[in-house]
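As structure tokens, the structure follows; a few thoughts come after it.
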Amino acid sequence: MTLNAYDFLQKMQDRIHFTETDKSLLKSHADWGKEIAPEVAEQFYAYLGSDPEMNAILNHTPDRIHRLRETFVQWFYEMFTGMDDWGNAYAERRWRIGLVHVRIGIGPQHVVPAMATVIRDIDKRLKANDKPAELQEALSRICMIDLAFIEQAYIEVSSAAVLQETGWTERLFKRLIAAGASSV
């Protein structure tokens with residue numbers, strides 16, 4: 001169950017209909033993205049910090065929140081630039097971000113609402129700055145791709161851990177999961 005990050009990115013781009021037009025539009029607004037990234041990060045971490053469970057994770061070590069803010073600003077800007085035109089480097093970075101979420105204990109129940117706050121904040125800023133509606137759509141699509149990487153990291157890590165602990169085959173594991181889902 002090893003994920004090929006680039007193949008996953010391509011699949012998500014196709015599923016979400018993230019187009020060359022979206023990429024061009026994002027790149028043309030990269031300076032604006034870089035400009036607003038610190039403010040979006042502040043709103044994002046204010047939201048997360050209001051939840052006691054997330055606040056404990058964010059402040060687990062004295063410098064964690066600072067590092068996370070810096071990473072957020074970079075992540076946000078990279079959505080506009082695509083790093084390498086949304087290629088292998090972009091995919092690998094998104095995959096590593098997903099793995100970090102799993103490692104530090106930020107669960108899906110926090111990630112999905114947090115991404116929703118990012119999208120809402122972006123939407124407000126787009127309207128306030130009189131940006132085109134197509135930019136909002138492109139940003140929503142790339143946010144969903146990035147969210148898919150984080151969600152997939154939970155699946156891949158959990159599956160790999162079960163397979164390693166039990167010695168089961170991937171096929172047996174998938175069959176047991178399907179059977180378990182049918183019984184719920």
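Note that these values count all heavy atoms, side chains included, but never hydrogens, waters or copies made by symmetry. Just so we're clear, the structure is a prediction, and the values are computed from it rather than from any experiment.
- Ile57 and Val111 end up in the same hydrophobic cluster when Ile, Leu, Val, Met, Phe, Trp and Tyr side chains are linked at under 4.5 Å.
- Both Leu25 and Ile16 are assigned to one and the same hydrophobic cluster, defined by single-linkage of ILVMFWY side chains at heavy-atom distances under 4.5 Å.
- Between Phe18 and Trp86, the ring center distance clears the sub-6.0 Å criterion.
- If you take CD on Glu137 and CG on Leu126, they are separated by 10.5 Å, rounding to the nearest 0.5 Å.
- Put simply, the side chain of Arg175 reaches to within 4.5 Å of the side chain of Leu172, judged on heavy atoms.
- Salt-bridge check for Lys11 with Asp7: failed, with every basic side-chain N at 4.0 Å or more from each acidic carboxylate O.
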Practice prompt. Could you give me the CA-CA distance, side-chain angles and deciding distance for Lys27 and Phe80, then say whether side chain to side chain contact (heavy atoms under 4.5 Å, CB included) is met?
Written response: CA-CA 5 Å; Lys27 285 179 181 180; Phe80 286 85; over 6 Å; no
Item to complete: Begin from the C-alpha positions of Thr166 and Phe173 and carry the test side chain to side chain contact (heavy atoms under 4.5 Å, CB included) through to its verdict.
Response: CA-CA 10 Å; Thr166 63; Phe173 180 66; over 6 Å; no
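- Looking at heavy atoms from C-beta onward, Thr81 lies out of side-chain contact with Lys34 at the 4.5 angstrom threshold.
- In terms of hydrophobic clustering, with Ile, Leu, Val, Met, Phe, Trp and Tyr side chains grouped at heavy-atom distances under 4.5 Å, Tyr77 and Tyr45 are assigned to different clusters.
- Closest approach of Ala114 and Thr117 over heavy atoms only: O-OG1, 2.5 Å.
- His60 places no side-chain N or O within donor-acceptor distance of the main-chain N or O of Ala56, the cut-off being under 3.5 Å.
- Residues Tyr90 and Asp146 have side chains that bring a donor and an acceptor to within less than 3.5 angstrom of each other.
- A salt bridge is defined here as a Lys NZ or Arg NE, NH1 or NH2 lying under 4.0 Å from an Asp or Glu carboxylate O, and Glu20 with Lys23 meets this definition.
- For the residue pair Asn129 and Arg125, the shortest heavy atom distance occurs at ND2-O, 2.7 Å.
- Contact of the Leu139 side chain with the Ile119 side chain is not registered, since no non-hydrogen atoms from C-beta on lie closer than 4.5 Å.
- Contact of the Asp22 side chain with the Ile142 side chain is not registered, since no non-hydrogen atoms from C-beta on lie closer than 4.5 Å.
- Cluster annotation: Ile97 and Met12 are assigned to the same hydrophobic cluster (Ile/Leu/Val/Met/Phe/Trp/Tyr, side-chain heavy-atom contacts under 4.5 Å, transitive).
- Within a 6.0 Å radius of CG in Asp31, no more than 12 heavy atoms belonging to other residues, nucleotides or ligands are found.
- Residues Gln43 and Tyr47 bring no donor and acceptor atom of their side chains to less than 3.5 Å of each other.
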Practice prompt. Dump the intermediate steps for side chain to side chain contact (heavy atoms under 4.5 Å, CB included) on Met115 and Met144, then the final yes or no.
Written response: CA-CA 8 Å; Met115 187 64 85; Met144 290 303 99; 3.9 Å; yes
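- Side chains of Arg141 and Gln13 form no contact here, defined as non-hydrogen atoms less than 4.5 Å apart.
- Hydrophobic clustering (side-chain heavy atoms under 4.5 Å, transitive across Ile, Leu, Val, Met, Phe, Trp, Tyr) groups Phe8 together with Met79.
- To the nearest 0.5 Å, atom CD of residue Glu92 and atom CG of residue Leu3 are 8.5 Å apart.
- Residue Ser140 holds its OG atom at 11.0 Å from CD1 of Ile145, rounded to the nearest 0.5 Å.
- No more than 12 heavy atoms of other residues, nucleotides or ligands sit less than 6.0 Å from atom CZ of Arg171.
- Minimum interatomic distance between Pro108 and Pro113 (heavy atoms only, all atoms of both residues): O-CD, 4.1 Å.
- In this model, no donor atom of one side chain and acceptor atom of the other lie less than 3.5 Å apart for Glu70 and Gln74.
- Side-chain contact check for Asn55 and Asp51: no donor-acceptor pair (N or O, by modelled atom type) lies under 3.5 Å.
- A distance of 12.0 Å separates CZ of Arg93 from CG of Asp84, quoted to the nearest 0.5 Å.
- The two residues Cys143 and Val118 come nearest to each other via the heavy atoms SG-CG1, 4.4 Å.
- Atom-to-atom distance recorded for Thr19:OG1 and Glu134:CD is 10.5 Å, nearest 0.5 angstrom.
- With contacts defined as side-chain heavy-atom distances shorter than 4.5 Å, the pair Val162/Glu165 does not qualify.
- Annotation: the span from Ser158 atom OG to Leu163 atom CG amounts to 10.5 Å, rounded to 0.5 Å.
- Phe76 and Ala37 get closest at one heavy-atom pair: CD2-CB, 3.6 Å.
- The nearest pair of heavy atoms linking Leu9 to Gly87 is CD2-O, 3.6 Å.
- Looking at heavy atoms from C-beta onward, His101 lies out of side-chain contact with Glu151 at the 4.5 angstrom threshold.
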Worksheet item: Stepwise, does the side chain to side chain contact (heavy atoms under 4.5 Å, CB included) test hold for Trp95 with Glu156?
Response: CA-CA 11 Å; Trp95 179 239; Glu156 297 290 328; 3.5 Å; yes
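- Using a 4.5 Å heavy-atom threshold, the side chains of Arg69 and Glu42 count as touching.
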